[in-house]
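Just so we're on the same page: letters track the sequence lines, and every chain starts at 1.
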Protein chains: 2
Amino acid sequence: MEYAPIACSHHDHNHCISDALEAARQLCLGRGVRLTDLRLQVLELIWQNHKPLGAYTLMEMLARANTRRVAPPTVYRALDFLLEQGLIHRINLLNAFIGCPSPNIKHQSHFLICHACGIAIELDQPELSQKIIGVAQEAGFRVEKQSLEVSGLCANCASDPAVSTSI
Amino acid sequence: MEYAPIACSHHDHNHCISDALEAARQLCLGRGVRLTDLRLQVLELIWQNHKPLGAYTLMEMLARANTRRVAPPTVYRALDFLLEQGLIHRINLLNAFIGCPSPNIKHQSHFLICHACGIAIELDQPELSQKIIGVAQEAGFRVEKQSLEVSGLCANCASDPAVSTSI
DNA sequence: TTGGCCTATGTTACTCTATAACCTTTCGTA
DNA sequence: TACGAAAGGTTATAGAGTAACATAGGCCAA
């Protein structure tokens with residue numbers, strides 16, 4: 001049985017963006033932390049699509065949007081904040097960052113990453129997290145953070161003959 | 001029920017090294033690929049312990065062992081070869097490389113990484129790989145490579161009060 | 001409302017990781 | 001032994017991330 005993840009389907013992405021930004025505002029308000037202009041702008045840029053973005057790409061996007069250039073530490077500090085608040089995830093495989101659709105629920109970082117179109121699909125599988133914790137416990141290991149990064153082809157790209165034959 | 005992974009236990013590590021190098025020799029012989037001096041030396045250095053090593057650390061170790069300095073491309077080419085042959089894995093979380101104890105069996109990259117002592121324990125859980133493939137298939141995703149990197153505390157460090165209190 | 005503190009951002013310089021491009025050497029084979 | 005492919009050497013540079021210190025802005029207490 002298959003379902004199409006939202007990242008992979010045609011959808012009104014403006015809705016994704018506004019939902020994410022509103023969730024971020026509420027979450028920061030509730031926690032008493034400051035979602036500054038810069039942090040909000042970085043989060044908004046990350047949400048431009050469902051593809052993870054590198055810090056230096058973000059810097060260029062900021063420069064283009066703001067006329068003023070920001071230096072690496074500035075963007076990394078904003079990213080650190082967003083990571084701490086769980087508003088974004090880091091994709092180690094790509095040295096890149098992607099928005100989290102459910103920042104208010106504590107969860108692990110599990111992604112499907114399409115190497116054809118570049119999108120990253122976040123999995124929501126608490127059962128899988130539990131399975132991983134179980135396997136680790138058998139080895140006497142105390143789990144703190146999980147990072148699952150599966151690369152391959154998303155539903156769209158896998159069914160696109162132009163993609164499948166060009167690999 | 002717990003078992004102590006070998007990387008975590010007291011063990012004769014020379015045995016790990018000689019096994020790994022012998023396995024590599026056999027595997028390359030069988031595949032008709034060349035395990036050159038440099039490649040063998042890099043593999044041996046990686047196997048010095050169960051902690052992932054960065055490319056630049058390896059470069060320094062090579063320089064110390066050989067009197068002659070090697071440049072980054074040289075060590076990266078050796079690493080690429082070893083990765084292609086499945087003799088080592090890359091740990092994205094650490095930008096580092098670690099020896100694979102079972103290069104002759106095709107498998108996914110699943111690791112437990114202790115942030116206290118630095119060791120990486122490779123999991124051997126085909127069932128977990130299958131579970132991940134299943135979850136991905138539900139989203140219509142065609143899996144090519146899995147990378148699971150779990151960070152936390154290994155059995156030794158978790159039971160060491162000096163470690164637990166210093167975090 | 002001012003002063004002081006804390007947090008956020010700016011700036012400069014640097015480290016670490018990785019690769020491009022081109023040249024030389026080495027190895028296996030014809 | 002000579003040739004071609006593969007491996008390694010060299011130089012330069014791209015890409016990712018951080019240290020250290022300076023400045024600005026928001027918030028609270030007196």
Side-chain angles (χ1 to χ4, degrees), chain A residues 24-25 28-29 31-46 51-63 65-85 87-98 118 147 149, chain B residues 24-25 28-46 51-63 65-85 87-98 115 118 147 149:
Chain A
R25 268 187 278 262
C28 289
L29 199 64
R31 292 182 188 166
V33 295
R34 288 170 56 199
L35 187 61
T36 61
D37 285 353
L38 177 68
R39 291 165 176 177
L40 185 62
Q41 199 185 2
V42 169
L43 183 61
E44 193 170 0
L45 289 172
I46 286 179
K51 302 177 190 180
L53 290 180
Y56 281 70
T57 306
L58 281 165
M59 278 177 57
E60 278 170 35
M61 294 167 83
L62 283 168
N66 293 356
T67 69
R68 181 170 45 85
R69 274 208 98 69
V70 301
T74 300
V75 74
Y76 277 103
R77 280 188 289 237
L79 290 169
D80 286 343
F81 172 85
L82 297 172
L83 283 171
E84 268 166 36
Q85 300 302 324
L87 294 166
I88 61 174
H89 291 283
R90 185 175 198 284
I91 306 291
N92 294 319
L93 189 63
L94 304 174
N95 295 335
F97 304 85
I98 188 162
S147 161
E149 297 176 354
Chain B
R25 269 186 277 261
C28 290
L29 198 64
R31 291 181 188 167
V33 295
R34 288 171 56 198
L35 187 60
T36 62
D37 286 352
L38 177 68
R39 291 165 174 178
L40 185 61
Q41 198 186 1
V42 169
L43 184 60
E44 192 170 1
L45 289 172
I46 287 179
K51 302 177 190 180
L53 290 179
Y56 281 72
T57 306
L58 282 166
M59 278 178 56
E60 278 172 33
M61 294 167 83
L62 283 168
N66 293 356
T67 71
R68 181 169 47 85
R69 273 208 99 69
V70 301
T74 300
V75 74
Y76 276 102
R77 280 187 290 236
L79 289 168
D80 286 344
F81 171 85
L82 297 172
L83 282 171
E84 268 166 35
Q85 299 303 324
L87 294 166
I88 61 174
H89 291 284
R90 186 175 199 283
I91 307 291
N92 294 319
L93 190 62
L94 304 173
N95 294 334
F97 304 86
I98 189 161
H115 60 70
S147 161
E149 297 176 352

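When each of C:dA8, C:dC22, D:dA6 is scored by its nearest atom to the side-chain atoms of B:Arg34, the top-ranked nucleotide is D:dA6.
If you measure from atom CZ of A:Arg77 to atom P of D:dT18, you get 12 Å, rounded to the nearest angstrom. Rounded to whole angstrom, the span from the CG atom of B:Leu35 across to the C1' atom of C:dG28 amounts to 17 Å. Straight-line distance from the CZ atom of A:Phe81 to the P atom of C:dT7: 13 Å, rounded to whole Å. Taking atom CG of residue A:Leu38 and atom P of nucleotide C:dT7, one finds them 18 Å apart after rounding to whole Å. Put simply, CE on A:Met59 is 14 Å from P on D:dT18, counting in whole angstrom units. Counting to the nearest Å, the C1' atom of C:dA8 and the CG atom of A:Asp37 are 12 Å from each other. One can place CG of A:Asn92 at 14 Å from C1' of C:dT17, the figure rounded to the nearest angstrom. B:Leu93 places its CG atom 18 Å from the P atom of C:dC16, with the value rounded to the nearest Å.
With B:Gln41 contributing its side chain and B:Leu62 its backbone, the two residues share no donor-acceptor pair below 3.5 Å. Formation of a donor-acceptor pair under 3.5 Å by the B:Glu149 side chain with backbone atoms of B:Ile91 is not found in this model.
Annotation: side chain of A:Arg39 is not in contact with side chain of A:Glu44 (no heavy-atom distance under 4.5 Å). For the pair B:Tyr56/B:Val75, no side-chain contact is recorded, criterion being any heavy-atom separation below 4.5 Å from C-beta on.
For the contact set between residues 67-74 of chain A and DNA chain C, defined by any heavy atom under 4.0 Å, the members are A:Arg68, A:Ala71, A:Pro73, A:Thr74.
The nearest pair of heavy atoms linking B:Cys28 to B:Phe81 is SG-CZ, 4.1 Å. Pairing each heavy atom of A:Leu40 with each of A:Leu35, the nearest pair is CD1-CD2, 3.7 Å. Taking both residues in full, the closest heavy atoms of B:Gly118 and B:Pro52 are given as O-CD, 3.3 Å, listed atom of the first, atom of the second, then distance. Contact record, A:Ile46 with A:Leu53: CA-CD1, 4.0 Å, taken as the closest heavy-atom pair.
A search for side chain to side chain donor-acceptor pair (under 3.5 Å) contacts involving A:Arg68 returns nothing, not counting sequence neighbours.
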Give me, pair by pair, the N or O atoms of the protein and of nucleotides 13-16 of chain D that are less than 3.5 Å apart, along with how far apart they are.
from   : atom 1 : to      : atom 2 : distance (Å)
D:dA16 : N7     : A:Tyr56 : OH     : 3.2

